[in-house]
Chemist: 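Below you'll find the structure I mean.
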Protein chains: 2
Amino acid sequence: MYCQSSLVRIFEPATILVLPVTINKIFANFDNYLPLNEQEREALASRVIERTIRRRQFILQEGDICKHYTFVAEGCFKIYHVDKKGVEHNLQFVAENDWIMELDSFYADKPSRVYIEAIEPSVILQIKKEDLFYLFTNIPKFDRNFRVIVENRYVELENRILQAISSTAEERYLSFLDHYPQLSQRLPGTQIASYLGITPEFLSKIRKDISKKH
Amino acid sequence: MYCQSSLVRIFEPATILVLPVTINKIFANFDNYLPLNEQEREALASRVIERTIRRRQFILQEGDICKHYTFVAEGCFKIYHVDKKGVEHNLQFVAENDWIMELDSFYADKPSRVYIEAIEPSVILQIKKEDLFYLFTNIPKFDRNFRVIVENRYVELENRILQAISSTAEERYLSFLDHYPQLSQRLPGTQIASYLGITPEFLSKIRKDISKKH
DNA sequence: AAATACCCTTAATATAGTTTAAGGGTGTTA
DNA sequence: TAACACCCTTAAACTATATTAAGGGTATTT
């Protein structure tokens with residue numbers, strides 16, 4: 001496989017590909033779906049931009065139009081909405097080896113209603129819309145893989161809705177701990193409260209109540 | 001286009017296709033995405049099963065494995081979960097010209113955690129998993145179209161999460177009225193309350209409060 | 001070292017939503 | 001016509017969660 005791609009490169013116009021090490025994380029991620037062969041990996045790698053993001057830096061703000069599909073190689077982001085009263089509500093956390101997409105804005109060219117902000121120093125890989133469309137059109141496997149990525153995300157969201165409408169705040173918190181054990185260590189309680197749809201004060205009470213039970 | 005497909009039919013083994021009238025609703029639905037040509041329509045039509053469903057009939061029960069992707073041609077369904085206390089929680093309503101999919105069960109062959117039940121007498125068109133996979137593999141447009149169907153659904157769900165964690169029950173109700181004006185007429189309040197994550201009694205109070213304001 | 005920003009906790013009071021109970025309306029079945 | 005199932009409404013008592021206010025801890029900036 002390696003040989004084949006080397007040969008191809010010889011006959012192609014000299015495109016110098018500096019493959020960032022982090023790109024391997026994307027390949028490993030695709031291995032969970034339909035693994036990419038060497039040629040497909042190059043097609044992807046040559047269309048990916050690596051960026052280093054500081055803590056509290058935004059990669060999307062309300063009103064912006066989302067131009068990229070983003071893979072988180074390192075770090076963690078929050079996707080949140082600010083309501084009329086100015087209160088932040090966390091929709092999702094996205095940590096390393098997962099995808100960030102603001103689909104509504106990305107596909108419909110609509111101004112985003114959410115912010116996407118780094119909670120930790122992060123490294124991301126971004127694909128521009130036209131590059132993604134190129135991959136969709138020319139390599140059907142990408143169409144397939146990105147369908148599956150969205151499907152998996154859909155299942156997660158469905159579970160979250162279920163929790164939101166049928167569980168108490170304490171149950172939701174316990175389920176959060178269960179589902180995101182790493183994140184619960186890394187995130188401040190204020191962020192978790194915003195994700196659970198409760199106040200930090202009430203989260204504090206829940207934590208006390210839980211610790212009393214032991 | 002029509003000619004071409006007619007010719008093809010002559011040389012194929014005689015498959016008599018009795019196209020149900022309702023299939024046109026599926027074609028019209030695909031016109032919102034990437035429209036199907038005549039051949040693709042036939043490929044789809046020959047793999048679709050039409051079923052008439054009575055009120056209160058289930059097309060999926062908890063524990064079943066979801067074997068079909070379902071298009072609602074007429075009528076209305078609710079997708080709901082039953083919690084440990086036996087309380088029903090409506091995740092979604094799906095009415096005519098929309099798709100029902102229980103993705104987690106369908107793709108992972110996992111027992112479903114939800115019920116899908118007709119609220120009204122309904123007509124559906126179903127595609128079996130292997131037939132859908134056939135379409136995905138052989139006609140890339142289906143891969144694309146079903147990606148877009150899921151993406152649209154994802155955006156809807158994201159909006160619902162946002163509402164669930166950041167709005168009061170009254171705001172959620174008003175937004176439901178706004179978003180599903182037809183459904184709000186057709187559904188009993190008990191079902192709407194279950195969708196909003198509140199009790200029927202509280203919905204009743206909300207309705208009174210709203211009418212007072214006018 | 002002092003000042004500041006951020007986070008966590010506690011507690012009192014207020015509001016949003018549930019539970020229970022009772023009664024009335026309508027449509028369907030015996 | 002009676003009986004029943006289903007839905008809607010009201011109200012009182014109760015519980016879950018929000019709001020406000022205050023104080024303390026720790027890390028970062030000045």
Side-chain angles (χ1 to χ4, degrees), chain A residues 54-57 76 78 80 82-90 93 117-121 161 163-177 183-214, chain B residues 54-57 76 78 80 82-90 93 117-121 161 163-177 183-214:
Chain A
R54 293 188 309 279
R55 195 165 117 91
R56 306 223 175 159
Q57 187 174 346
C76 186
K78 60 175 174 180
Y80 64 94
V82 178
D83 68 21
K84 321 121 207 170
K85 293 176 193 159
V87 181
E88 290 182 15
H89 300 278
N90 285 341
F93 299 115
E117 181 186 340
I119 306 181
E120 304 176 351
I161 282 277
Q163 289 257 326
I165 67 175
S166 75
S167 305
T168 64
E170 179 170 327
E171 288 167 335
R172 264 139 54 208
Y173 176 59
L174 289 172
S175 150
F176 172 82
L177 292 183
L183 279 189
S184 66
Q185 304 300 320
R186 283 155 66 180
L187 296 173
T190 43
Q191 296 303 325
I192 297 174
S194 169
Y195 177 87
L196 297 174
I198 59 176
T199 58
E201 291 85 355
F202 192 54
L203 175 58
S204 192
K205 191 185 171 192
I206 288 173
R207 284 171 159 168
K208 195 178 73 176
D209 291 350
I210 290 174
S211 70
K212 267 186 192 163
K213 292 178 188 164
H214 295 274
Chain B
R54 291 188 309 280
R55 195 166 117 91
R56 308 221 174 163
Q57 187 176 345
C76 186
K78 60 176 174 179
Y80 65 93
V82 178
D83 68 20
K84 320 121 206 167
K85 292 176 193 157
V87 182
E88 290 182 15
H89 300 279
N90 284 342
F93 300 114
E117 181 186 339
I119 306 180
E120 303 176 351
I161 284 276
Q163 288 257 326
I165 67 176
S166 75
S167 305
T168 64
E170 180 170 324
E171 288 167 334
R172 266 141 51 210
Y173 176 60
L174 289 172
S175 151
F176 170 82
L177 292 183
L183 280 187
S184 66
Q185 305 299 321
R186 283 157 64 181
L187 295 173
T190 42
Q191 296 303 323
I192 297 174
S194 168
Y195 177 86
L196 297 174
I198 59 176
T199 58
E201 289 85 354
F202 193 54
L203 176 58
S204 191
K205 193 183 171 192
I206 288 172
R207 284 172 159 167
K208 196 178 70 174
D209 291 351
I210 290 174
S211 69
K212 268 185 193 165
K213 291 176 188 166
H214 293 275

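It should be emphasised that the depicted structure is a prediction, and the values quoted were computed from it without experimental measurement. Hydrogens, waters and symmetry mates play no part in the numbers below; they use all other heavy atoms, side chains included.
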Chemist: Looking only at side-chain atoms of A:Arg56, point me to the closest of C:dC6, D:dT17, D:dA11.
Modeler: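 The answer is C:dC6.
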Chemist: Within this structure, what is the CD1-to-C1' distance between B:Ile206 and D:dC8, rounded to whole angstrom?
Modeler: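 Taking CD1 of B:Ile206 and C1' of D:dC8, I get 14 Å after rounding.
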Chemist: Which residue in the set A:Glu117, A:His89, A:Gln191 passes side chain to side chain donor-acceptor pair (under 3.5 Å) when paired with A:Tyr80?
Modeler: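 For A:Tyr80, the side chain to side chain donor-acceptor pair (under 3.5 Å) check succeeds only for A:Glu117.
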Chemist: Could you state the CG-C1' distance from B:Leu203 to D:dC7, rounded to the nearest angstrom?
Modeler: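 For the pair B:Leu203 CG and D:dC7 C1', the rounded distance is 12 Å.
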Chemist: To the side chain of B:Glu201, which of D:dT20, D:dT17, C:dT20 is closest?
Modeler: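 So the nucleotide nearest the side chain must be C:dT20.
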Chemist: Atom NZ of A:Lys205 and atom P of C:dA11: how far apart are they, to the nearest Å?
Modeler: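 After rounding, the reported distance stands at 11 Å.
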Chemist: Could you check how far CD1 of B:Ile192 sits from C1' of D:dC6, rounded to whole Å?
Modeler: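 About 15 Å, once rounded to whole Å.
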Chemist: Please report, rounded to the nearest Å, how far the P atom of D:dC7 is from the CZ atom of B:Arg186.
Modeler: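 Going from CZ in B:Arg186 over to P in D:dC7 covers 16 Å.
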Chemist: Within a strict 4.5 Å, meaning less than it, do heavy atoms of the A:Tyr195 and A:Leu183 side chains meet?
Modeler: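 No, their side chains stay 4.5 Å or more apart.
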Chemist: Starting the side chain at C-beta, find the nucleotide from D:dT17, C:dG17, C:dC7 nearest to A:Ala169.
Modeler: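 It is D:dT17.
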Chemist: Give one of base, sugar-phosphate or nothing for B:Glu170, where a contact means two heavy atoms less than 4.0 Å apart.
Modeler: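 B:Glu170: no heavy atom of the nucleic acid under 4.0 Å.
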Chemist: Go through D:dT19, C:dC7, C:dT19 for me and flag the one nearest to the A:Pro188 side chain.
Modeler: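 Nearest listed nucleotide: C:dC7.
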Chemist: Separation of B:Arg54 atom CZ from C:dT28 atom C1', in whole Å?
Modeler: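 In whole Å, C:dT28 C1' and B:Arg54 CZ are 17 Å from each other.
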Chemist: Using atom NZ of A:Lys208 as one end and atom P of C:dC7 as the other, report the distance to the nearest whole Å.
Modeler: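 Going from NZ in A:Lys208 over to P in C:dC7 covers 22 Å.
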Chemist: List the atom of A:Ala193, the atom of A:Leu203, and the distance in Å for their closest heavy-atom pair.
Modeler: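 For A:Ala193 and A:Leu203, the tightest heavy-atom pair comes out as N-CD2, 3.9 Å.
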Chemist: Which atom pair, heavy atoms only, marks the closest approach of A:Arg172 to A:Gly197?
Modeler: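 Nearest pair, atom of A:Arg172 first, then A:Gly197: NH2-O, 4.2 Å.
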Chemist: Rounding to an integer number of Å, can you tell me how far A:Asp209 CG sits from C:dT9 C1'?
Modeler: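 Nearest whole value for this atom pair: 13 Å.
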Chemist: In terms of side-chain heavy atoms of A:Thr168, which of D:dT17, D:dT19, D:dT9 is nearest?
Modeler: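 Nucleotide nearest to A:Thr168's side chain: D:dT17.
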Chemist: As a test of reading the structure: which of C:dG17, D:dT10, D:dT17 is closest to the side chain of A:Ile198, going by heavy atoms?
Modeler: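 My answer, after comparing the listed nucleotides, is D:dT17.
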Chemist: Using side chain to side chain donor-acceptor pair (under 3.5 Å) as the criterion, point out the one residue from A:Arg56, A:Arg186, A:Arg55 that pairs with A:Glu120.
Modeler: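 Answer after filtering A:Arg56, A:Arg186, A:Arg55: A:Arg186.
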Chemist: Can you figure out which of C:dC6, C:dT18, D:dT17 approaches the side chain of B:Phe202 most closely?
Modeler: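 Selected nucleotide: C:dT18.
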Chemist: With sugar-phosphate meaning primed atoms plus P, OP1 and OP2, does A:Thr190 contact a base, only sugar-phosphate, or nothing at under 4.0 Å between heavy atoms?
Modeler: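 The residue A:Thr190 makes sugar-phosphate contact but no base contact.
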